[in-house]
Amino acid sequence: MPDAICLFAAYAPTGHIPPHTAYYLSELTRCGFTVHLALSGCEEIPTDTLDFCENTTITPWTRPNLGHDFGAWKDLILWGCAEQASRILLANDSVFGPFSSLSKLFARMEQKEAEVWGIVESLDVLPHLQSWFICFEHYSFHAPAIQRVFLQDFTPMTREELIWHGELGLAVACQTENFRTEAVWSDRQSILSRSIKKTNAMHLRWRQLLRTEAVPFIKTELLRDNISRLASVRHWKDALPEQSAFQTCWIEDYLKQNPPRPNRPHINLKGRLFYNLVEQMTGRAT
């Protein structure tokens, strides 16, 4: 994979990289990516992070914590990190994993010959790739409509606005450029998800996707916040693949240090029953 670049966005006000993120970054380098790591909120990179980056040939960058992930990716783009890349991967620190081989995932998706692809395609609002993992070819990344999305001013945007202008904006840009997009998992594959579009496969299908090794990740917010109040989340350890090199203690340590966010959305009893029912149905329905 010559000149494959990963632009990786991480929230790191102390500059320290948690073990689960360090493992993810290391796995990306093993897949042949040159990683540029944006440490948002960090002013001075600590020695342990510098040593890790040197040992894994990762280039760290400091930046203010502005614009969330899209702001971080924009800065890396403006700093020239992706100019010569034949392939550009956008990724962030919002997941635990990978729990199985990333190289096999890349090999499988390369056979589809998509111009833009991601891990999960959602149908909410309009079909779009979830932005925590999106891979572009050189020409698709540098297409005018795509670049217009990345060069927006993300600093004043709320999280919801970032989804509309960033994540959904990329979907519209791909349509504008007539790019073929693919996903490891798409809600198009599920009759239930096609009927109930306001669902997140990384929440409601998390066990199924892990069990089949289709998606070798768990969203950190699912285990930390569990906004849908899924009963299955309590048993996350039992769902992890036995042969994975990913260590369970990394998740345990993260959850101890990062309690549920106080401003997480609240859901009533009716909503809890609905989402738990949908999760049970997604385990059977396709």
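The first residue of the sequence shown is numbered 1, and numbering continues consecutively from there. We use all heavy atoms of the structure for the numbers below, so side chains are in, but hydrogens, waters and symmetry mates are not.
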Stepwise side chain to side chain contact (heavy atoms under 4.5 Å, CB included) test for Ile146 and His142: CA-CA 7 Å; Ile146 299 294; His142 291 282; over 6 Å; no
Does the side chain to side chain contact (heavy atoms under 4.5 Å, CB included) test come out yes or no for Asp48 and His16, once each step is laid out? CA-CA 7 Å; Asp48 60 335; His16 296 289; 2.9 Å; yes
With side chain to side chain contact (heavy atoms under 4.5 Å, CB included) as the test, would you mind laying out the steps for Phe70 and Lys74 before giving the verdict? CA-CA 6 Å; Phe70 276 92; Lys74 175 185 177 179; over 6 Å; no
Run the numbers on Val233 and Trp206 for side chain to side chain contact (heavy atoms under 4.5 Å, CB included), then give the verdict. CA-CA 9 Å; Val233 171; Trp206 73 276; 4.3 Å; yes
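His138 places a side-chain N or O within donor-acceptor distance of the main-chain N or O of Ala85, the cut-off being under 3.5 Å. With hydrogens and angles ignored, the 3.5 Å screen pairs no side-chain donor or acceptor of Glu167 with any backbone N or O of Leu162. No donor-acceptor distance shorter than 3.5 angstrom exists from the side chain of Thr155 to the backbone of Gly67, with no hydrogens or angles considered. For Asp225 (side chain) and Arg261 (main-chain N/O), a donor-acceptor pair under 3.5 Å exists by modelled atom type. Side-chain atoms of Gln147 come within 3.5 Å of backbone N or O of Phe141 as a donor-acceptor pair.
Here the CG-CG distance, from Asn92 to Leu37, works out to 11.5 Å after rounding to the nearest 0.5 Å.
Using a 30° and 60° split on the angle between ring planes, Phe106 and Phe133 fall in the tilted class, from 30° to 60°.
Counting heavy atoms from C-beta on, the side chains of Tyr11 and Leu39 never come closer than 4.5 Å. No side-chain heavy atom of Leu76 sits less than 4.5 Å from a side-chain heavy atom of Arg63. Contact annotation: the side chain of Val172 never approaches that of Val149 to less than 4.5 Å [non-hydrogen atoms, C-beta and beyond].
Between Gln208 and Arg205, the side chains place a donor N or O and an acceptor N or O closer than 3.5 Å (distance only, hydrogens not considered). Defined by atom type and a distance below 3.5 Å, a donor-acceptor pair is present between the side-chain atoms of Ser186 and Glu121. Counting only N and O atoms by type, the side chains of Ser94 and Lys219 include a donor and acceptor under 3.5 Å apart. Using modelled atom types, one finds no donor on one side chain facing an acceptor on the other under 3.5 Å when comparing Ser131 with Trp73.
Comment: Glu221 engages Arg159 in a salt bridge, judged by a side-chain N to carboxylate O separation of less than 4.0 angstrom. By the 4.0 Å N-to-carboxylate-O rule, Glu113 lies too far from Arg180 to be salt-bridged with it.
When each of Asp187, Leu209, Leu230 is tested with Leu204 by the rule side chain to side chain contact (heavy atoms under 4.5 Å, CB included), just one qualifies, namely Leu230.
In the hydrophobic cluster analysis, where Ile, Leu, Val, Met, Phe, Trp and Tyr join through side-chain heavy atoms closer than 4.5 angstrom, Trp117 is grouped together with Val95. Note on Ile134: it does not cluster hydrophobically with Trp185, by side-chain heavy-atom contacts below 4.5 Å among ILVMFWY residues. Criterion: ILVMFWY side-chain heavy atoms under 4.5 Å apart, direct or through other members. Under it, Phe150 and Trp79 are part of a common hydrophobic cluster. Tracing side-chain contacts under 4.5 Å through hydrophobic residues (I, L, V, M, F, W, Y), one reaches Ile88 starting from Phe179; they form part of the same cluster. With hydrophobic clusters built from ILVMFWY side chains whose heavy atoms lie under 4.5 angstrom apart, Leu66 does not share a cluster with Met157.
Within 6.0 Å of atom CZ in Phe52, more than 12 heavy atoms from other residues, nucleotides or ligands are found, so the atom counts as buried in its surroundings. The neighbour count for Glu161 CD, taken as heavy atoms of other residues, nucleotides or ligands under 6.0 Å away, is above 12. Counted within 6.0 Å of CD on Glu43, heavy atoms from surrounding residues, nucleotides or ligands total 12 or fewer; the atom is thus considered open.
Heavy-atom minimum distance, Ala201 versus Val120: CB-CG1, 4.3 Å. Of all heavy-atom pairs spanning Gly15 and Thr49, the tightest one is O-OG1, 2.5 Å. Nearest heavy atom pair, residue His203 against residue Ile227, reads CE1-CG1, 4.2 Å.
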Please list, one pair per line, the donor and acceptor atoms closer than 3.5 Å that link side chains of residues 27-36 to other protein atoms, with sequence neighbours excluded.
unit_1	atom_1	unit_2	atom_2	d
Glu27	OE2	Arg30	NH1	2.3
Thr29	OG1	Ser26	O	2.6
His36	ND1	Trp61	NE1	3.1

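A ring-ring contact (aromatic ring centres under 6.0 Å, His included) check over residues 217-247, counting only residues at least two apart or in different chains, returns the pairs Tyr23-Phe246, Tyr24-Phe217, Phe99-Phe246, Trp132-Phe217, Phe246-Trp250.
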